[in-house]
Each structure stands twice: as structure tokens, then as C-alpha cells.
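Side chains are part of it too, since the values below use all heavy atoms of this structure and drop only hydrogens, waters and symmetry mates. Lettering follows sequence order; numbering is per chain, from 1.
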Amino acid sequence: MTRYLITSALPYINGIKHLGNLVGSMLPADVYARYLRQRGEEVLYICATDEHGTPAELAAAAAGLPVAEYCRQQHELQAKIYEGFELSFDHFGRSSSPENRELTQHFGRTLTAADLIEERVIKQVYSPADGRFLPDRYVVGTCPYCGYDAARGDQCENCTRLLDPVQLIDPRSAVSGSRDLEVRDSKHLYFRQSRLAPRIREWIESRAGWPTLTTSIALKWLNEGLEDRGITRDLEWGVPVEREGYEGKVYYVWFDAPIEYIGATKEWADQAPGRDWRSWWEDSHYTQFMAKDNVPFHSIMFPAMIMGTGESWKLADFIKGFNWLTYYGGKFSTSRGYGIFMDAALEILPPDYWRYFLIANAPESDDSSFSWELFATQVNKDLADTLGNFVNRVLTFSRKRFGDTVPEGNPAGEPERKLAEELTKILADYEAALEGKHFRRAAQHLKAAWSAGNSYLELKAPWMEIKENPEAAALTLRTGMNLIHLFGLISEPLIPATARTMQSLWDLEESDPGYGARWAEPERIAQLDWIPAGRGFRVPEVLFRKLTDDDVATWRERFGAPENA
RNA sequence: GGGGCGGUAGCUCAGCAGGUCAGAGCAGGGGACUCAUAAUCCCUGGGUCGCGGGUUCGAACCCCGCCCGCCCUACCA
């Protein structure tokens, strides 16, 4: 049996993530993981916070906390929110874990032994006032080209020209504002990934069926020529470099972050006896999910690191890259407080509303734009009207006419056979979409299934049948209830909470086909008999409330939105 | 500057390897029905497939040039 290893790009420790982060990596990975588990596959879905680097240190300082404590708090905060969105990680780890430290140092040693790491002395800006070396973008000053007075040391945001910090006029620290800056020599380790370029290219070019986005970004880097890359920094917070003369230096965050995929797997294994973490990295089908900014790390650098070790670490079998979700066409921005962050989203509505909308609009082929208007329309039409109303109309009508148990009525006839046939076809398309990791398409097929339920009801019109032939109406309603259960099963990857409700409406007995069912098999769809006649059922509260114009206006106000949009 | 992705009906998007490829959903229009969250179901889509050339018997899909949007350019992660 195939085992599926799934990872989503590690969210950075610094702050609550926004909906763009969610839809670009964690949510689709979760949908995929849930689907495979429901099909009975063995799945390990791993994620973690990415905790090292300058931004974490500065954020901790700003919060007045030791960086380790800051990260611990932020990790807990993020974990709670992801739980709120029902992200079904098998383990949500931390790149600062002892497991990752050990593995990162192992990678460092192994690559050194393979002669793929060399020492170079580079010049870096040092700020005595801050007591630290400053990454290029933490040095600000006046752009020598356009005169913009807040240009960063790596690039001027105003004229977009690439810069070197020493070019800046009147340079100062972005951290403290100090103008007392000096350029010091600092020796660092470089990963000689250029030597692995041919092997990376061969690997990339042998990948069939990967998203264009993924391969084009990877090939772009290769075509421009891979440069060796520094993998250490002068920081305190990180994985220490075990090497003579490297006291006070740590591995650079992009080096230890991808290793945390492995580290978190080991963390998972260390939490309970009998878990074999190593085999997941030798023998499995491995899929990575990430937004496009992370593609170079996953398609070039991490594979290079793995190849460089000469050890049997699993390379990704599939890299699913996503474009950006924008907010009314603009970038979600933490610093400007623009857009929707995950904690605020959960304050407004339960997770399923977001999960469905985001998957149905996942930025797979291009950036896609969030707007409250589109969100409300789609939630109302698909979730409230098509699915929620279906559940409600079937159950309330049946209860009114036949009481609190599932009515028996006639045996299934031609309409039921045709319905099953259509659903079987839709389900096959849906499964193919999920297996192919085409999320928008999957949402469309799921909606088509819901809609088929409504079409069936219109065709049978039990409100007419009841007048002449109650047994016919009973069959229709019993079939409708089985459709509810079917929808509960197949909707679970996208809307798990609502799906659980739909599956738990019935007083099933252990011998019933629906008892413990995890997915809809074709032979079962042909019968539509998960829920037998005579079982008790309950009518749930409305599954999805309709979003009103007032809601939209309130949210536009609260989150900010362009006047004319 | 270099590079990547995208530019298809009012909106959001499908169109994988050139010949039912001019499509879906939503919105809009018409009809049916009343069980239901004024929900549902059926019917209704003529848009220069960004622009201009070219290759081909035939191109939205291949090539060249141009325009527009977004993104990347490796010391943010």
C-alpha cells in the first residue's frame, strides 16, 4: 500500500497568518490529506512553525520577551487557530525543536563531508547600537538613483532598483535608527549547490504533470545559473554551527526550515511508541504544498541539500505551488493591517464557510482576488441554498409527514437508478480532481453532486406524491436522506464540521451500511441505502446561514475595502 | 534591466498534448413549482478567446513582435 507523506510550507512564527497563507499551503494540503485518509490510505500530514531568523528575534525584542519564550507563545497561538480551521495535522512541530537541531547539524556535517560546503569571508553591515549584524533589508537610507529616503539595503521600493547597502546615502539601522554603522568581515559557510545544478535539472525535467508554476520557477533559477548560497548567519537564535571558529553563528533559517519537515516527522515519532519516522522519508509518496514564493526552496535548494548528502531522504514526488490570494486585487499586508487574518476570520464565521470558499477559489492558475461580495454570493448560493437548504427541505418535510423515523415506502425505481448513475459519474470526477490536486475543479464537482440532489427532488416532487401516493413520497424522502449522508461523506475534506453533522443525524445500528462508513463506494451509491428505513433522525439547525448585505457592509468597514469595488 | 505567470461572455474561471474549443458557474432574461434558509428545478450564453504579424488544409491553443496586470531577481522568509 502506498503511504502518503504530505507537508505544507511552514508558516513563519512571526504573527497570525492571513487567508492567503491558508489557501496557499495548509488548507489544500489538509483537504488532500483528509481525502486520502477517508479512502483508507495511510497518511502522515506534517507542518510546523518556522521559528528562526532575524524577524523572529526583532519581534521578540519588540514584545519584550526572550526569543524562545516569544516563539513558544506564538506557536501555541498559531496551533490553536489552525485547530479552529480544522487543519488535520498529524503533527504540528517547531523548527526550533531538538529533533530539528540534531538533523540540521547532521545535514551540515554530511554536506561538509561531501565537500559541498566551503568557508567564505563576506562583508556585512554591523550595528554596534543594536549589537548585531544587519541583513541588507534592515539597513535603510536614501536611494542613490531616485532619492527615495526610505530605500532598503537590498532594493529600493520606490524605483525597484536592486541595491547594495553600501550604496545607500545616509544609511541607518532599520531596527534602531542608529547611524553608527560599520562594515565588518564575517566568515560564513556556503552551500555549493551550483555543483548539483545538473542533477537538479535532470530531476525537474523528469517530473511529469507538475504545475507549470512549479516547473517554470525551478527552471528559471536553473537557467539563470545556480549560485552557491550562504547558509549561516551571525545570530543567537537558531541551530548552532558545530565548527571551530563558528561560535555565535547559526544555520540560516532557510537551511533548517525545510529540514524541519523531517524534524517534525521525528517529533511526531518521539511522541508515541512504535512510530517509525525514518521509513516515511525513504518509502512514501511525498507531496509538498506551498505558495509560489516558496517554490525555489522546495524545487531547488532543499532537493540539492538532499542530493548532496547522498543519503536516502525522500525527494518530493509532487510539488503543488499556488499563486497569491489578493484582497480586492491588493496584497494582504500584516504591517498595513490590510486584508483578513485567520483569527479575525474565525471570529466572524465558522471554518467551513472559509474552507469552502477558499478551495473553490484557490489561486491555482493565477492570482485570485477575494472580495466580500463574491464571498457572500458564493457562500449563499452554494452552501446555504444548494447544500444547506437541501438538507433542511428533505428532513423537515419528512418529519412533518412521516414523523421522526426514516420512512420506508416503495423500493427504488428508475429515477433512483438514474440518480445513482449520475452521482457515480460526478463522484468519479470529484475523486480524480482531488487525486490530481485540482482544488477548484474538485469544489465544482462537489457542488454538482449537491445540485443533483435538488434536481432529483424536483423530478420526484414528493410534495405532489404525498397527495396521491404516500409510499412514493416516502421512497423519495428516504432517498433524500441517503443523499444527505452521501454528501456528508464526500464533503468532509472541504467542510469537515458540517460533514460530521450530516453524518450524525441518524440513529444507526452497527449492521447498517452507513455505520462507520468513511467514503461512498460505487456499489453503495447504486443502492443508496446507508440509512435504512425505520431509523430515527433529527433535524439540525440550519447548516449555513445566509450572509446579508449588512454583513458585507460591516465587514467592508471593519477590514477596509476599496470605495468603488 | 533580466525572467516567470496571466490577459477567454458583466463577474469568477475551464479549455491537458492545434481540427464539436468558443465553454461552466454566478449575475441577467423567461418558465415551472411550493417541501425548504423568497430556497429549488428547467430553458436562455453569439464574447474581435489583449493587439499585430507568421506557420498550417485548419490556432484561443505553435512561432515572432508589441501592450497591460501580477510576481521573482537569491542577506525577508
Side-chain angles (χ1 to χ4, degrees), chain A residues 9-14 50 52-56 122 124-125 133-139 152-155 160-162 164-165 188 193 209 211-213 215-221 223-224 226-230 233-234 252-254 257 291-297 300-301 321 323-324 326 329-331 360-361 363-369 371 373-374 377-378 380-386 388-401 436 438 440-441 443-444 447-448 451 453-459 461-466 473 476-477 480 541-546:
Chain A
L10 309 188
Y12 195 66
I13 192 66
N14 181 10
D50 175 11
H52 296 138
T54 306
I122 59 171
Q124 283 210 286
V125 176
F133 284 94
L134 297 175
D136 287 359
R137 69 167 44 195
Y138 285 99
V139 181
R152 291 191 323 229
D154 57 343
Q155 182 169 25
T160 76
R161 252 182 270 249
L162 298 182
D164 193 281
H188 283 287
Q193 58 184 6
T212 313
L213 184 66
T215 46
S216 62
I217 291 176
L219 289 174
K220 176 209 142 199
W221 280 67
N223 291 340
E224 288 180 356
L226 268 196
E227 291 175 22
D228 296 337
R229 192 156 172 159
R233 292 291 182 276
D234 294 289
Y252 177 36
V253 56
W254 79 254
K292 57 187 172 187
D293 57 331
N294 259 315
V295 169
F297 296 102
I300 301 286
M301 295 147 203
N323 287 284
W324 304 115
T326 63
K331 245 186 160 178
N361 295 282
E364 289 180 296
S365 60
D366 196 1
D367 291 353
S368 78
S369 174
S371 75
E373 291 76 8
L374 187 64
T377 300
Q378 200 154 1
N380 289 344
K381 188 70 190 168
D382 297 357
L383 293 180
D385 296 347
T386 304
N389 182 54
F390 176 80
V391 172
N392 197 40
R393 67 194 295 210
V394 167
L395 296 179
T396 55
F397 188 56
S398 188
R399 182 173 60 183
K400 197 181 300 174
R401 299 307 189 123
H438 302 297
R440 294 181 88 114
R441 203 180 299 165
Q444 285 173 8
K447 193 204 157 192
S451 197
N454 281 310
S455 293
Y456 167 76
L457 275 196
E458 295 297 323
L459 176 71
W463 48 91
M464 300 297 284
E465 292 179 307
I466 196 77
T476 302
L477 293 168
E541 294 294 303
V542 160
L543 294 181
F544 296 97
R545 80 172 179 88
K546 302 258 272 186

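At distances below 3.5 Å, at least one donor-acceptor pair connects side-chain atoms of A/N223 with backbone N or O atoms of A/L219. In this structure a side-chain-to-backbone donor-acceptor pair under 3.5 Å is present from A/Q193 to A/E227. Panel note: side chain A/S398, backbone A/V394; no donor-acceptor pair is recorded below 3.5 Å. A/T377 places a side-chain N or O within donor-acceptor distance of the main-chain N or O of A/E373, the cut-off being under 3.5 Å. The main-chain N or O of A/H52 is found under 3.5 Å from a side-chain atom of A/Y12 such that the two form a donor-acceptor pair. A distance-only check finds a donor-acceptor pair linking the side chain of A/T386 to the backbone of A/K381 [under 3.5 Å].
Looking at heavy-atom distances under 4.0 Å, A/S398 makes no contact with the nucleic acid at all. Within 4.0 Å of A/R152, counting heavy atoms only, lies no atom of the nucleic acid at all. At a threshold of 4.0 angstrom between heavy atoms, the contacts of A/G388 include nucleobase atoms, whether or not backbone atoms are also involved. Across all strands shown, A/F544 has heavy atoms under 4.0 Å from base atoms, whether or not it also approaches the sugar-phosphate. As judged by a 4.0 angstrom heavy-atom cut-off over every strand, A/I122 is placed among the base-contacting residues.
Distance check on atom C1': B/G18 versus B/C62 gives 8 Å, rounded to whole Å. Spacing between B/A38 and B/A14 at atom P, rounded to whole Å, works out to 33 Å. Nucleotides B/U48 and B/A59, compared at atom C1', are 15 Å apart to the nearest Å. Between B/A17 and B/G6, the distance separating the two P atoms is 11 Å to the nearest Å. For the P atoms, the distance linking B/C61 with B/G7 amounts to 11 Å, nearest Å. Comparing B/C67 with B/A27, their P atoms sit 39 Å apart, to the nearest whole Å. Taking atom P in both B/G53 and B/G3, one finds a spacing of 25 Å when rounded to whole Å. Rounded to the nearest Å, the gap between the C1' atom of B/C43 and that of B/G54 is 43 Å.
For A/Y252, whose side chain is taken as the heavy atoms from C-beta onward, the closest listed nucleotide among B/C75, B/U37, B/U12 is B/C75. Side chain of A/R441, nearest nucleotide from B/A14, B/G2, B/C26: B/A14. Closest to the A/R229 side chain, of the nucleotides B/A39, B/A77, B/G4, is B/A77. Distances were taken from every side-chain heavy atom of A/V542 (C-beta onward) to each of B/U37, B/C35, B/C76; the shortest belongs to B/U37. With B/U12, B/C41, B/U73 as the choices, the nucleotide that has an atom nearest any side-chain atom of A/S455 turns out to be B/C41. Looking at the side chain of A/T386, the nearest of the listed nucleotides B/U40, B/C35, B/C75 is B/U40. Taking the side chain of A/L374 as heavy atoms from C-beta on, and the options B/U12, B/A77, B/C35, the nearest nucleotide is B/U12. The side chain of A/D154 approaches B/C76 more closely than any other nucleotide in the set B/C13, B/C76, B/U37. In the set B/A77, B/A74, B/C35, B/A74 carries the atom at the smallest distance from any side-chain atom of A/W221. In the set B/A36, B/A74, B/A77, B/A74 carries the atom at the smallest distance from any side-chain atom of A/L226.
Residue order along RNA chain B, read from the 5' end via each residue's closest nucleotide, puts A/R401 first among A/P55 and A/R401. Annotation: of the two residues near RNA chain B, A/S369 and A/K381, the 5′-most nearest-nucleotide partner is A/S369.
Pairing for B/G6 goes to B/C68, judged as Watson-Crick or G-U wobble with the two contacts each under 3.5 Å. Using the Watson-Crick or G-U wobble rule with both distances under 3.5 Å, B/A24 pairs with B/U12. When Watson-Crick and G-U wobble pairs are counted only if both distances are under 3.5 Å, B/C62 pairs with B/G54. Of the nucleotides present, none pairs with B/A17 by Watson-Crick or G-U wobble criteria with both distances under 3.5 Å. Pairing for B/G45 is absent, with no Watson-Crick or G-U wobble pair whose two atom distances lie under 3.5 Å.
Of the listed residues (A/V253, A/I13, A/N14), just one forms a side chain to side chain contact (heavy atoms under 4.5 Å, CB included) with A/D50, and that residue is A/V253.
A donor-acceptor contact under 3.5 Å is formed by the side chain of A/N389 with the base of B/A36. With hydrogens and angles ignored, a donor-acceptor pair under 3.5 angstrom links the side chain of A/Q124 to the base of B/C75.
At least one side-chain nitrogen or oxygen of A/K400 sits closer than 4.0 Å to the OP1 or OP2 atom of B/A36. For the OP1/OP2 pair of B/U12 and a distance below 4.0 Å, the side-chain nitrogens and oxygens of A/S368 include no atom meeting the criterion. Considering only side-chain N and O atoms, A/K546 lies nowhere under 4.0 angstrom from the phosphate OP1 or OP2 of B/A38.
Atom CG of A/N361 and atom C1' of B/U12 are 7 Å apart (whole Å). The distance from atom OH of A/Y456 to atom P of B/C33 is 21 Å, rounded to the nearest whole Å. Atom pair A/L543:CG and B/A36:C1' shows a separation of 12 Å (rounding to whole Å applied). Regarding A/D382, its CG atom lies at a distance of 17 Å from the P atom of B/A24, rounded to whole Å. Atom CG of A/N454 and atom C1' of B/C33 are 13 Å apart (whole Å). In this structure, A/R393 places its CZ atom 13 Å from P of B/A39, rounding to the nearest Å. Between the CG atom of A/L10 and the P atom of B/C76 there is a distance of 18 Å, rounded to whole Å. Across the protein-nucleic acid pair, A/D164 atom CG and B/A74 atom P stand 11 Å apart, rounded to whole Å.
For the 3.5 Å distance criterion, the side chains of A/Q124 and A/D136 fail to qualify, holding no donor opposite an acceptor.
An aromatic stacking contact between A/F397 and the base of B/C35 is absent, as defined here by ring centres under 5.5 Å apart and ring planes under 30° from parallel.
Ring orientation note: the planes of A/F397 and A/W463 are nearly perpendicular, at an angle over 60° on the 30°/60° scale.
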